[in-house]
Engineer: 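Could you have a look at this structure, given as C-alpha cells, before my questions?
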Number of protein chains: 2
Amino acid sequence: MAVMQREYGRRTLLREIRKAGRIPRIELSGLTGISRATVTTITAEFLSDGLVEEVSRDEGEPDSRRGRPRVDLKIRGAAHLVVGVKISHHKLSLVLLDFEGEQLATEECDLSRPVSSPEELAAEIRQAVSRLAGHIGREPGDISGIGIGIAGIVEANDGFVHWSPSLSARNVELGGLLTGMLGVPCFIDNDANLVAVAEHTFGLGRDHSDFLVVTIESGVGLGMVIGGALYRGTRGCGAEFGHTKVQLNGALCRCGQRGCLEAYVADYALLREATLVSGQDAHADPAKRVENLLDAARAGDATARSIVDRAGQIFAMGLANLVNIFDPELIILAGEQMQFDHLYSDAVIDTMRKSIVQVDKAPPEVVVHKWGDLMWARGAAAYALDKVSEMALERLDEHAA
Amino acid sequence: MAVMQREYGRRTLLREIRKAGRIPRIELSGLTGISRATVTTITAEFLSDGLVEEVSRDEGEPDSRRGRPRVDLKIRGAAHLVVGVKISHHKLSLVLLDFEGEQLATEECDLSRPVSSPEELAAEIRQAVSRLAGHIGREPGDISGIGIGIAGIVEANDGFVHWSPSLSARNVELGGLLTGMLGVPCFIDNDANLVAVAEHTFGLGRDHSDFLVVTIESGVGLGMVIGGALYRGTRGCGAEFGHTKVQLNGALCRCGQRGCLEAYVADYALLREATLVSGQDAHADPAKRVENLLDAARAGDATARSIVDRAGQIFAMGLANLVNIFDPELIILAGEQMQFDHLYSDAVIDTMRKSIVQVDKAPPEVVVHKWGDLMWARGAAAYALDKVSEMALERLDEHAA
DNA sequence: TTATTTAATTTGACTTACAAATTAAAATGA
DNA sequence: TCATTTTAATTTGTAAGTCAAATTAAATAA
C-alpha cells in the first residue's frame, strides 16, 4: 500500500512527459504538484530503465534566462516498438511506431477475402507484421505490443470479439489467439474506440477529459472519453451509435432492425435509394455509385439532393442526441473527408446546434479530423503504446517491491 | 502529498462503512486491502471525531465462532443532520435525515405559485426548513447541509441554474443564494441526477458502478453513473434524455423543438391527442384527464390505445438508444408507478430488448423503482449526505496537516 | 573573475503503511 | 472452574515514501 504513492507518481510523470513531448523536471513538478525531490528520484529511475532520456534544450526560445539551464526529458523512442493494425473490409493497414510515437514504417496489404476465419485472419496479420518489421530490419519478436482495431462488437479487456463483419465466426478469443500465434502481446478493440484513444493520446482530444469521437466508414462508430478515460460499457457492446434508433419502424438496417441511424447515412443506405436518380448505373462498383450520387446532388438533381439531405438531417439528429445526453466539451468527426463531405457540412452541424437543448452557453465544439486507413492504424498503435507503457510501469512497480 | 494516502484511506473506509451499514474492522481490512493496523488507526480517528460509533454485534447469526468477537462499526447518526428538498410543480417536499440516513422528519407544503422568483422560492424553502427542523425540536442552524433537487438545467458544481420550470428567471446562482439566506451549505442539482445519487448511495445501484436512472414525472429525466461516479456533462446540460430526438420533424415539444422523446410520452403529449378519444372531458384537470385516457386504453378504446401504445413504443426506442450507447449493467426506471404504468410495462421493456444490438450475452437488467415525491427528497438528502461527508473528511485532512 | 540566478540533487526530518508481536475477549474442553 | 484455543484488535518496530531546506551544478551578468 505504501508503494501506491510511488506508483501514482510514476504513472503521472510518465503520462505528463509523453503528453508534453519534452519537458524539464521543474515544470513536471509544477504541473503535477509532486515535489522536485521526488521528480528527481522517479525520473532517475526512468532514465536508468531506459524509458526516458535527457535532451539538451534545442531552444532558440527567447526565454534564455540566466541560471542553470533546464534539461528536457522525453520518452526514449528506442525503448520499445509497437505496431498498430487496422482491419478493414478489404485490407490490412499497419504502422510501426517507436515508443515515442514516431512512425518508423507502414505496410498495407489486401486481405485474401473480406470475411475470414479467425485463424486465417491471424495468419494474415502475422505475415503482415513480419513484413512490417522487416522494413526496418527487425523481427516480430522485437515488438513489445500490437494494437488491433476491428469493426464490430469487442470486449477489449479480454480481447473477445462478439461479432465482427470481418470474421466468419462469432464469439472469438481473437486477442488470445493473436498473442499466441505472434508471440507478442496483442490488444484488440473496436476501431472507433481506438480512434478515440488516438485523439486522446496525440490528437485533438489531448487537452480534454470529456469528448466524443464519431467515425464514419461503411458504418457509423462512436468512441467516448469520459472523465479522462475511454468508456467501453459493461458488456463490450456500448457506443453502438450507428444502431441508435432515429425513426419508429424506419428504414431497414443491415443489422436486421429498423430505424437505425446507419440505415439512413451509410453508403449502402444511400445506394438503396439511388436507383431512383436518373443517370445512375446500377452496375458500377459501390464506391463509384456513391460518388455519382453525391455529384448529382451537388449538380442540383432534386432526387439526389433529397437523399443526401435526409442523410445529413438524420446524422445531425443523431449528433444532437449525443450532445443532449453527454454535454461533451468537444466532438470530433473522424473519417475520410472526401466520401462523407455531406455529413461534415456546416449545414449539418448547424442543424445539430439547433436541435440541442438551448442554454446561455456556447454549444460544444465540433471539429472534423480527416482519418485515412493508416491513421486508424495509428489509433491502434496508440492503444498498444498505452498498454506497453502500463506494462513497463508495472514492471517497475514490481521490481521495486 | 504524503497525506494523500491517508486521505485515500479515510475516504475509502468511510464509504465502505456507510455502504455496509455495520461492519467490523477486520472485514473493512479485507474489503479495502488496507492493513488491519491502518484500519485501526483511521477508525480510531473517526471514533474520536464522532463520525462513527461502535455497536455490539446484535447477531443471532449462526456464525458465532470462538475467539474475540468482532465489533461492528457504523456511521454515527447523531454526527450530522441533513435535509433534502424536492421542488416540484406545486409543492415542496422535504426530509430530515441523520448522518446515518435515518429519516427523522418530513414536511410537505404547497408552493404559493408554480413559478416564482429565486428570492421567493428561497424564502419558501427557508420557512419549510424551519418547520421541518421544528418537528424534532431543532433549528435550521443545527443542519449541516441541504440538498435540493429541481427540474431544469443545473450546473451542480457552482449551484447555478441555467433554467428551471419552477423559476421565473434564467441563469440564477440559486445555490449561493440559498446558502446565504439559510446560513447552511446548500447543494443543488438536477432532480434526476439526485435520484441517481440516491440509488447509488442507498438504492438499487449500491452494487453497481455503471448504471442509468430514467425518471418520469411531467418530463423525462436521466441520471448517469459511470465508473462509480455521477456524470454531469461539462456545461451542466447533459442527461437531457427527454429532449433527444426520436423523429425527424416530429411532434412539437414544449422546448420549442420537434421530435423530442418528451413530446411523445409526457402527460401533456398524451393530452394533446386525447381530445380525439370519445368521452373525454376537455375541462377536467390534467391529471384526471390522463387517468381517463389510460382507463379508456385499458378498456379497449382503439384511439386511446393508439395514443398510449405509441408513447410506449417511443419510450422503448429511447431506452434502446441509451443501451446502445452506454451498455450499462442496469437501468432503473424511477417514478410514480400509477401514472406511468404503461411505460413500465413488460411490453415496453420487451420492445426495448428487441431494439438493442444483439450479442450472445444477457441484456442489461431493467428494474422499476417506485419513487414518490418524498423519495425524490430523499435523493436530495443523499446528495447532502455525500457533500457533508466530504466536508467532514476535508476537516480531518486539514486538522491532521 | 566573481556574483547572481536558476535547476537539479542531496540531506534529514517527518508521515504513513504494514508485518509481526502483543494484547483482548470470547468459546471450548478438561 | 480454569487453562487452552481461537479470533479480533491494537501496539510496536521497520521500511518506504514525500517534502522542505540545504547544497551542488551550470549557466549569465557584471
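The chains referred to below are lettered A, B, ... by the order of the sequence lines, with proteins before strands, and numbering in each begins at 1. Quick note: numbers below take in every heavy atom, side chains included, and nothing from hydrogens, waters or symmetry partners. Computed from a predicted model, the values in this text were never measured in an experiment.
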Engineer: Which residues satisfy the ring-ring contact (aromatic ring centres under 6.0 Å, His included) test with F99(B), sequence neighbours excluded?
Structural biologist: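 For F99(B) the ring-ring contact (aromatic ring centres under 6.0 Å, His included) partners, ignoring immediate neighbours, are H80(B).
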Engineer: Whole angstrom is fine here: how far is it from CD in E7(B) over to C1' in dA17(C)?
Structural biologist: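 Rounding to the nearest Å, CD of E7(B) and C1' of dA17(C) are 16 Å apart.
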Engineer: What is the per-nucleotide protein-contact pattern of nucleotides 5-11 of chain C, from the 5' end, where B denotes a base atom under 4.0 Å from a protein heavy atom, S denotes such proximity for sugar-phosphate atoms only, and - denotes neither?
Structural biologist: BBBSBB-
Engineer: What integer distance in Å separates Y8(B):OH from dA17(C):P?
Structural biologist: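 Distance, rounded to whole Å: 11 Å.
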Engineer: Do the ring planes of Y383(B) and F187(B) sit parallel (below 30°), tilted (30 to 60°) or perpendicular (above 60°)?
Structural biologist: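 Ring orientation, 0 to 90° scale: perpendicular.
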Engineer: Grab the CE-P distance between M4(B) and dA17(C) for me, whole Å please.
Structural biologist: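 The distance from CE of M4(B) to P of dA17(C) comes to 11 Å, rounded to the nearest Å.
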Engineer: Can you run down the salt bridge (Lys or Arg N to Asp or Glu O under 4.0 Å) pairs that involve residues 224-235 of chain B, sequence neighbours left out, and say none if there aren't any?
Structural biologist: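 Only D327(A)-R235(B), D189(B)-R232(B) qualify under salt bridge (Lys or Arg N to Asp or Glu O under 4.0 Å).
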Engineer: Atom CZ of R10(A) and atom P of dA16(D): how far apart are they, to the nearest Å?
Structural biologist: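 Distance, rounded to whole Å: 13 Å.
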Engineer: Looking at residues at least two apart in the chain, or sitting in another chain, which of them share a ring-ring contact (aromatic ring centres under 6.0 Å, His included) with Y231(A)?
Structural biologist: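 With neighbours one apart ignored, the set is empty.
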Engineer: Applying salt bridge (Lys or Arg N to Asp or Glu O under 4.0 Å), can you list everything that pairs with R15(B), at least two apart in sequence or on another chain?
Structural biologist: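 None.
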Engineer: Suppose we screen for salt bridge (Lys or Arg N to Asp or Glu O under 4.0 Å). Which residues come up paired with D49(B), at least two apart in sequence or across chains?
Structural biologist: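 Expected list: R395(B).
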